[in-house]
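These notes are about the structure you will find just below.
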Amino acid sequence: MEVVASIVGSAVAATGRLFCGSLYSMIKSTIKLQSELDVFDKEMGSLIVLRDDVKDQTELAEKEGKVIRANVIEWLREVDELQLKVKPIEAGMVNSRKLSGCSFNCRKRYRVSREVAEILPEIERLLKDSSFNSGVFYPSRRPRAVEHIPGPSIQAQTTASKSLEKVMSQLEMMTNVEVKMEVLNYEEAWQLFSQIAGDVVGLEQVRPFAEEIVRECSGLPLAIITMGTAMRGKKMIKLWKHALNELRRSVPCMGGVEVKLYMPLKWSYDSLEEGLIDEQDYEDSVNRGIALIENLKDSCLLEDGSRDGTVKMHDVVRDVAIWIASSSEEGCKSLVRSGIGLSEISVGEFSSSLRRVSFMDNKITRLPDRVIQCSEASTLLLQGNLPLDTVPESFLQGFEALRVLNISGSRIQSLPSSVLQLGDLHALLLRDCFYLEQLPSLGELSRLQVLDLCATRIRELPRGMENLNNLRQLDLSRTHYLKTIKAGIISGLSCLEVLDMTLSAYHLSVKGEVEEEQTSFEELGCLERLLVLSIRLDRIPCLSSENVTWINKLRRFQFFIGPTANSLPTRHDKRRVTISGLNLSGEWIGWLLGNASSLVLKNCLGLNEMLEDLVINSVGCFVCLKSLTIASSNSSLRPGGGIAAHSDLLPNLEELHLQDMTYLESISELVGHLGLRFQKLKLIEVTRCSQMKYLIFCGHFILTLPSLEVIKVSFCDKLDELFSYHSRQKMYPDPVGPSLRILELKNLPKLRTLCRHEETWPCLEQVKVIKCNLLRKPPFTNQSADVLKEIRGESQWWSTLDLHDDRTKSSLQPYFHPAEDESNASQNLWK
C-alpha cells in the first residue's frame, strides 16, 4: 500500500507542479489521507469500545453504592466531548472519500486531513489514560452482599462461551488489564467437575471419591478441569482411589495432569528470581523476605491471607511446590510428608540425596531410634507434632549437614546431646515446647544464628551460650519460668540483633539493685548490633543522655516497666514504653519519651507530679510520640500551681486512649498540662471515666481538630456533651471535626449534644449510638446521605431523633440498622 502511495504521490506531485502551481503543497498533504483515515477509524473505534466498557463498570459500581473515582469521571467526560468534535470530522471523512478530481475537492480533503491530524494525539492520550490501575471506584468499607452465581449448565455452554469470547476480546484491546481467576465455592466446583468428568460421577461407588477429589482441588478451576478430564468416563473404583491418594500426596497422578496443571504452575515457579534470605542483618532480611513474598504474590503462587500482614497458598499450588521439590533433577530433592496424620516415620523413605525433610503437623509419637543417613539434608522440620515427647540420641547423628532444625510445638522435655554435633546448625527452633525444661550446653554450636525458646519451661539460660558469637536472634518471650540469666551471657552475644523477652518472668534491673551474678540492664549497652529489643524492667532506670545512645540506635523496642506491665498492642508499637503499678512522683521519663512512639501509663500514682516535672525540665517537645494511653488512675490531671507548658509537648500525637480515670472531668485538663493542640490527633477513645462532663473545651488553645477521624466514648455517666465551646468559639465557622469518619457512643445516659447546633461533620461515614437515650440532634443533614455508610442504634432512639426535616430522615433511612441485640448484650456485660 505504501509503495503504491509513493508512486502515485510522485506522479501527482509532478502534475501538480505543471498545472496546479500554488495547490502543490495541498495536494501533497492529501495523498496520505487514506492511511490517516484508517488509523483514525481504528483508534477512535477502540476508544469508544473502552468508553462503553468503563461506563458499564461505573454503572454497576454505582448500583452497589460505590463512589466513582474523579479521574474516571473526568476521562469519560473528555471522551464524550471528543466524540462531539469527531462527528463533523467523520461526516467530512465520508464526503472526502466520495470527492475527487477538482481543486475544490482537494481543499475539502486537505481540511479533513488537517483536522484528523489535530485530533489523533488527543485520541492517543485518552487511550493511554484508560488503564485506571487503581480501579474505577474507591474501595468501599461497607460489607457487600455476595450474589450466588451458579456454574454454567451444559445447556448454557453457548452463553458461557459468548461471555468468554467477550472477555478475550477485551483482553486483546487492553493488554495492561489484570484478570484474576477467583476460586469457586464447592457447589460451583462440583458442577464444573461433573460437566467435565461426565455421568460417571453419579455412580454410587464413584461419587464419594469424586467429591473428595473436588475438595482437594480447593476451587481452583484449572485443577478441576484437569482432574475432570483425566477421570472422564472412568468407572473402575481403583483408579479413583489411586487418583485421590496421589492427589493428597502432591503427585501428578493421571495422564495429562503433569502437562496441563503442574507444568504451567511450575513455569511460574521457574520464572521467579532466585534468592535466599541469608547472611544479612535483621532489617535487610525482613526487607528481602517481604520482597520475595511480593514476588510470589505477583506470580500467583501466594495470595493475601484473611488477616492483614498474612499470606496463604492455594492447596494445588502447594502440591505443585511439593512436586517440584520432590522431583528436582538437580539432586536437591525434598521429602515432604506434612499434615497427613502420620503417627510414625518410615525409615525407608529417607535417602542420602535428600536436602530437605518435613514431617510437620502430623501426630508423630516417636522418632526412629537409629542413625538416619541424611548427610546432605540441610533442613529438618518436625514442628506441630504434639504427641512427640522424645528425640532419641542416635536420630540426629546422620544429619551432620543440618542448618535448620525445628521441633516447635512438641512435648519434648529435653534435647539429646547429639544436637551439639550439628556444627553447621544456623537455626534451632523450639517455640511452644511447653514441657522443655533443660537444654545441653550450646556453646559448641558456633554458627548458630537463630535460637527460639519462646513459651518453653526453661528456668535459666544454658551454660556456654556466651560463646555463640554468631547468634543474631534470641527469642525468650513467654518464658514464664525463666529466673536466672548469669551476668556476661547477654553481653557476650556480640552479633545479637534481636532480643525478645516479651512476657518473660525475668525482669532486668539496673546495676546496684541486681542480684549477685545476674545480668543487668546496662549489659545491653554492650550489644553494638542490637536493633530490636523487648524486655521487662523492675523500675524506670535513671539514665543520662550519654547512657541512652544505644537506645537511640534501636529500630524497634518495647520496655515493660513495673511489676504488672504487660503487652496490649496498639498501632504504634514500633517503639513502645508501658509503665504499670509504679509511683511516678519524682521519676524522670523524658529519656523514654524522647525515643518512644507509644506510651502506656496504667495504674500509676503520682501522675500530676510526673507531668509537672516533665513540663519544668523539658528542653523541647517529644516529636516521636504518636500514641498515649492513661488507664486506671485517680489523678485529675489538673495542672497544679499554675504549671503548664507554653508550647505543645506532643505535637505529633495521633491516638489518645483514656480508661478508668476516676476524677478526670475533661481531656482539656491534660491539654492544659502539656500545652496540647491536637493538630495531628486522629483517634480519641474514652471509656469508664465516671466524672467526665465533656471531652474537649474548644476555645483559646483548640479551635478545631483538623485530623480527627475516630471518636469512641463509652460508660461515662456524667458526660452531657462531646465538645464544650467558648462563647466566641460558637461563632467560629469551621466544624470542630472536619475529617471525622467514625463515631461510636455507648452507655452515655446524660449525653444531649455533640456539637454546635448548626455544625455538621461532612466526612462522617459510620455512626454507632447505643444507650444514649437523650441524644436527639446528631449532626445529620440531607448531604450526609452522600457520605454515610452505616448508622447503628436502637430503633426507639432512631424514631425519636429531631432532625432538620422529614426529608433528611428519609434520605438516611437506608443506612440505619437496628442494634437492639448488641445493646442488651453490652448492658448485661457491664452489669
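It should be emphasised that the depicted structure is a prediction, and the values quoted were computed from it without experimental measurement.
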**Request:** Report yes if some heavy atom in the side chain of Leu382 is under 4.5 Å from a heavy atom in the side chain of Leu367; otherwise report no.
**Result:** yes
**Asked** Among all residues two or more places apart in sequence or in another chain, which pass the side-chain contact (heavy atoms from CB on, under 4.5 Å) test with Gln383?
**Response** Met360, Leu381, Asn406, Ser408
Residues 412-421 side chain polar contacts: donor-acceptor under 3.5 Å, at least two apart:
| from | atom 1 | to | atom 2 | distance (Å) |
| --- | --- | --- | --- | --- |
| Ser417 | OG | Glu393 | OE1 | 3.4 |
| Ser417 | OG | Glu393 | OE2 | 2.8 |
| Ser418 | OG | Glu393 | O | 2.8 |

**Message:** Contact between Ile224 and Ile196 at the side-chain level, heavy atoms closer than 4.5 Å - yes or no?
**Reply:** no
**Item:** Close side-chain approach of Val357 to Ser334, heavy-atom, < 4.5 Å
**Value:** no
**Message:** Testing the 3.5 Å rule here: is there a donor-acceptor pair between the side chains of Thr310 and Asp304?
**Reply:** no
**Prompt:** Below 4.5 Å, heavy atoms only, C-beta onward: do Leu436 and Gln438 meet side chain to side chain?
**Reply:** no
**Asked** What distance separates Ile791 CD1 from Gln766 CD, expressed to the nearest 0.5 Å?
**Response** 11.0 Å
**Item:** ring pair (Phe, Tyr, Trp, His ring centres under 6.0 Å) contacts touching residues 351-380 (sequence neighbours left out)
**Value:** Phe350-Phe359
**Message:** Enumerate the salt bridge (charged side-chain N to carboxylate O under 4.0 Å, His left out) contacts for residues 415-429, please, sequence neighbours excluded, ordered by first and then second residue.
**Reply:** Asp424-Arg447
**Complete:** Sequence neighbours excluded, the answer for side chain to side chain donor-acceptor pair (under 3.5 Å) partners of Asp475 is Arg431, Ser477
**Prompt:** Does a sphere of radius 6.0 Å around CD in Glu400 hold more than 12 heavy atoms from other residues, nucleotides or ligands, not counting ones at 6.0 Å or beyond?
**Reply:** yes
**Prompt:** Any donor-acceptor pair under 3.5 Å linking the side chain of His480 with the backbone of Leu503?
**Reply:** yes
**Request:** Could you walk me through whether Leu396 and Leu405 pass the side chain to side chain contact (heavy atoms under 4.5 Å, CB included) test, one step at a time?
**Result:** CA-CA 10 Å; Leu396 293 174; Leu405 175 59; 4.2 Å; yes
**Asked** Quick one: are Asp452 and Leu428 in side-chain contact, heavy atoms under 4.5 Å?
**Response** no
**Request:** Decide yes or no for Gln397 and Ser394: does some side-chain heavy atom of the first lie under 4.5 Å from some side-chain heavy atom of the second?
**Result:** yes
**Request:** Check the pair Val498 / Leu474 against side chain to side chain contact (heavy atoms under 4.5 Å, CB included), numbers first and verdict last.
**Result:** CA-CA 6 Å; Val498 180; Leu474 176 59; over 6 Å; no
**Item:** Side-chain donor or acceptor of Arg457 paired with backbone N/O of Phe434 under 3.5 Å
**Value:** yes
**Prompt:** Any side-chain heavy-atom pair from Ile340 and Asn362 closer than 4.5 angstrom?
**Reply:** yes
**Prompt:** Does Arg366 CZ have over 12 foreign heavy atoms under 6.0 Å away?
**Reply:** no
**Item:** Distance in Å, Leu244 CG paired with Glu216 CD, rounded so as to fall on 0.5 Å steps
**Value:** 6.0 Å
**Asked** Can you list the steps and then say if Tyr481 with Thr456 is a side chain to side chain contact (heavy atoms under 4.5 Å, CB included)?
**Response** CA-CA 8 Å; Tyr481 297 88; Thr456 57; over 6 Å; no
**Asked** Once the angle between the rings of Phe395 and Phe399 is folded into 0 to 90°, is it parallel (under 30°), tilted (30 to 60°) or perpendicular (over 60°)?
**Response** tilted
**Request:** Using the six-membered ring of Tyr186, assess whether NZ or CZ of Arg215 lies under 6.0 Å from its centre and within 45 degrees of the ring axis.
**Result:** yes
**Message:** Determine whether a donor-acceptor pair (N or O, by modelled atom type, separation under 3.5 Å) exists between the side chain of Trp240 and the backbone of Lys234.
**Reply:** yes
**Under the side-chain contact (heavy atoms from CB on, under 4.5 Å) test, residues paired with Leu386 that sit two or more places apart** = Arg411
**Request:** Report, as yes or no, whether the 6.0 Å neighbourhood of atom OH on Tyr435 holds more than 12 heavy atoms from other residues, nucleotides or ligands.
**Result:** no
**Item:** Gap separating the OG1 atom of Thr502 from the CG atom of Leu476, nearest 0.5 angstrom
**Value:** 10.0 Å
**Prompt:** Less than 4.5 Å apart, any side-chain heavy atom of Asn185 and any of Glu188?
**Reply:** yes
**Request:** Establish, from distance only, whether the side-chain atoms of Thr479 and Ser504 form a donor-acceptor pair under 3.5 Å.
**Result:** yes
**Item:** Shortest non-hydrogen contact from Asn385 toward Lys363
**Value:** OD1-N, 3.4 Å
**Message:** How close do Leu354 and Cys374 get, counting heavy atoms only, and between which atoms?
**Reply:** CD1-SG, 4.3 Å
